[in-house]
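Excluded from the calculations below are hydrogen atoms, water molecules and symmetry mates; all remaining heavy atoms, backbone and side chain alike, are included.
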Amino acid sequence: MNRTSRFNRYPAQIVPPGQRIVRSVIAVWLCMLVYVVRGMHGEPFYSIIAALQCVQPYSSNMISEGRDRIIGTLIGAFWGSVILFAELLPVGGSFRTTVVFYLLLGIFSGLVIYSTVLLGIPQYALFSTVVFLGIAMYHIEDSNPYIHVYYRTLETIIGVGVAIVINSLHFPRVYDRSTLFVSGIDSVLFHEDRKLSRYTKVELNRFLDKGMKYTVSTRQTPATVREILSDINLKLPIIAMDGAVLYDLHTMKYVRTIKMDPELVTLVSDYLHEHCIPFFVNTVQDHLLVIYFKDYKELILEEVKDAHHDTVQQHIQEEHAPSVSSYTSMARLYRKKRISPYRNYVRTNAEITHNVIYLLVIDKEENIDRLHASLMEQPWASRIRVNFDTFDCEEGEKLMRIYAADATRAAMLAHLQKYVGAPQTVTFGGDPGECDVLIEDAGHNRMVKALKKRFSPIDLRGWKNIIHL
């Protein structure tokens, strides 16, 4: 048996029950308690269903869910009452066996659905129809069918009320709204699949709604952050491109950029050209990410050909023919990224030296390692900083980004701290020695749980926060 980390207390397939499950259990108990207190009169099944539907991750969702749930019930109950009244029209026989009943059943179902559309809650069309059909099909011949309509409506209101009570009760917590919390993304919020768990989404958004100063610091571009963190309501600018830029996701503007000196860009570009290494030049112009690449006879735009060795040899007649493996990797990465609305790719033979944030090279891992070693031997090596990445790479590939030496996450974090007026910062990351809180494994929502302990610890001084919506 493999030895697990001291943090890995639960198997990969089993996670402990979350707050919503616990709150749902309590909601069922309370609904049954209300039923007992009422002398066991009523139909608690419906109050339990309403309560379970209205126990939501966010309080705002719970209020709107409960309101719509009641409206949906009233719609179904109203049309159910109308068809109950219509039952008085036939003389003799069972109304449920008449052709008129069948016709009315279909017509009224349509009216129920149309009513939800008119009231702006079409998502409750099915639920309202179920309420209506339950009344029309199974209680229309009761001795007093209106009793069921009454109980159905009352039970729904009780269930919604129970859910509001449950969602309004919290542990006493104090909130640290002054500290700036910053976390990495890759291998911190999630693993290689780049998928946030529902728990992470709910908790992070809850913290942000409570006023937490939180953002992310990543080597990825703002475009990538937009794509993978679209469900997180980040309010502060993000540190992106490994500290080279500070980007506001709401205004879609670069608050601060650390660009490479044009002379340095020329030195690095000439070196890569001499070694036949194709590369992307990532620039920021008028708050847009513009990515340039050399025009290798437009082969990089071909969607059918895959830049095989013979294709490259046959069609590329440049002064410095590119490395086949590097060009193949570059073409594949381009095809994958070019569809993003946040990236602007431009092919050109002009030398791009201004507004450059970094140069990107992708190739087989051993080739990148050799290239890096050679770069570090150049007389201008102290003026650059490089990082490596394997995300968006295929097996055996590696990315290398080349920045200005002073473009660092630490420098940009210091600027962001002053920008938001935070007296202190707490960073979460996966690299020992480079963060305040080390997240050794991104599994089981460890980063968010560690963040929660620091932002909202349980403390009796937070007694005022026990009851709130």
Side-chain angles (χ1 to χ4, degrees), residues 20 23-24 27-28 30-32 34-35 38 40-167 198:
R20 186 173 183 181
R23 291 177 184 274
S24 296
V28 173
L30 285 181
C31 286
M32 293 307 299
V34 172
Y35 173 65
R38 292 168 58 204
M40 296 187 177
H41 294 295
E43 302 174 9
F45 169 79
Y46 298 109
S47 63
I48 291 174
I49 294 299
L52 292 178
Q53 269 200 323
C54 295
V55 172
Q56 297 290 317
Y58 307 112
S59 296
S60 58
N61 287 359
M62 181 268 297
I63 296 295
S64 60
E65 181 80 18
R67 179 199 63 214
D68 293 346
R69 189 76 161 71
I70 291 175
I71 294 175
T73 299
L74 291 175
I75 291 173
F78 170 77
W79 289 111
S81 299
V82 171
I83 204 170
L84 287 178
F85 179 76
E87 190 264 342
L88 300 175
L89 298 179
V91 179
S94 174
F95 183 66
R96 289 182 56 184
T97 62
T98 65
V99 175
V100 174
F101 173 73
Y102 300 146
L103 294 175
L104 288 178
L105 202 61
I107 294 172
F108 274 74
S109 295
L111 290 173
V112 171
I113 296 172
Y114 186 53
S115 298
T116 62
V117 173
L118 292 179
L119 292 174
I121 52 172
Q123 68 273 20
Y124 282 91
L126 175 61
F127 170 73
S128 297
T129 307
V130 169
V131 173
F132 163 73
L133 292 175
I135 295 171
M137 297 185 70
Y138 297 106
H139 295 277
I140 197 168
E141 294 183 349
D142 289 355
S143 58
N144 191 345
Y146 293 101
I147 292 180
H148 173 75
V149 177
Y150 165 76
Y151 277 127
R152 184 67 187 263
T153 305
L154 177 63
E155 296 294 350
T156 297
I157 295 174
I158 291 174
V160 171
V162 167
I164 291 175
V165 171
I166 293 297
N167 269 25
R198 176 172 173 78

Min side-chain heavy-atom separation Tyr124-Thr73 under 4.5 Å:
no
About how many Å separate CD1 of Ile121 and CZ of Phe127, when rounded to the nearest 0.5 Å?
9.5 Å
Got a second to check how far Tyr114's OH is from Leu119's CG, nearest 0.5 Å?
10.5 Å
Value for CD1 (Ile166) from OG (Ser24), rounded to nearest 0.5 Å, stands at 9.0 Å
How about Cys31 and Pro44: do any of their side-chain heavy atoms sit closer than 4.5 Å?
no
Would you check if Met32 and Ile48 make a side-chain contact, meaning some heavy-atom pair closer than 4.5 Å?
yes
Atom OG in Ser109, atom CG in Leu104: separation rounded to 0.5 Å?
10.5 Å
What closest approach, in Å, do Ala27 and Ala51 show between heavy atoms, and which atom pair accounts for it?
CB-CB, 4.2 Å
Please identify each residue that fulfils side chain to side chain contact (heavy atoms under 4.5 Å, CB included) with Phe78, with sequence neighbours left out.
Val82
Note: Val55 and Arg23 closest approach over all heavy atoms is CG1-CB, 3.9 Å
Would you please name every residue forming a side chain to side chain contact (heavy atoms under 4.5 Å, CB included) with Val130, sequence neighbours left out?
Leu126
Under the rule for side chain to side chain contact (heavy atoms under 4.5 Å, CB included), what residues qualify as partners of Val112, not counting sequence neighbours?
Ile75, Trp79, Ser128, Thr129, Phe132
For Ala125 and Thr116 the tightest heavy-atom approach is CB-OG1, 3.5 Å
State, with a plain yes or no, whether a side-chain heavy atom of Tyr35 is found less than 4.5 Å away from one of Glu43.
no
Could you tell me if the side chain of Val34 sits less than 4.5 Å from the side chain of Glu155, heavy atoms only?
no
Flag the pair Arg38 / Ile158 as yes when at least one side-chain heavy-atom distance between them is below 4.5 Å, and no otherwise.
yes
For Leu74, give me all partners under side chain to side chain contact (heavy atoms under 4.5 Å, CB included), at least two apart in sequence or on another chain.
Ile70, Thr153
Could you tell me whether the side chain of Cys54 reaches within less than 4.5 Å of the side chain of Ile164, counting heavy atoms only?
no
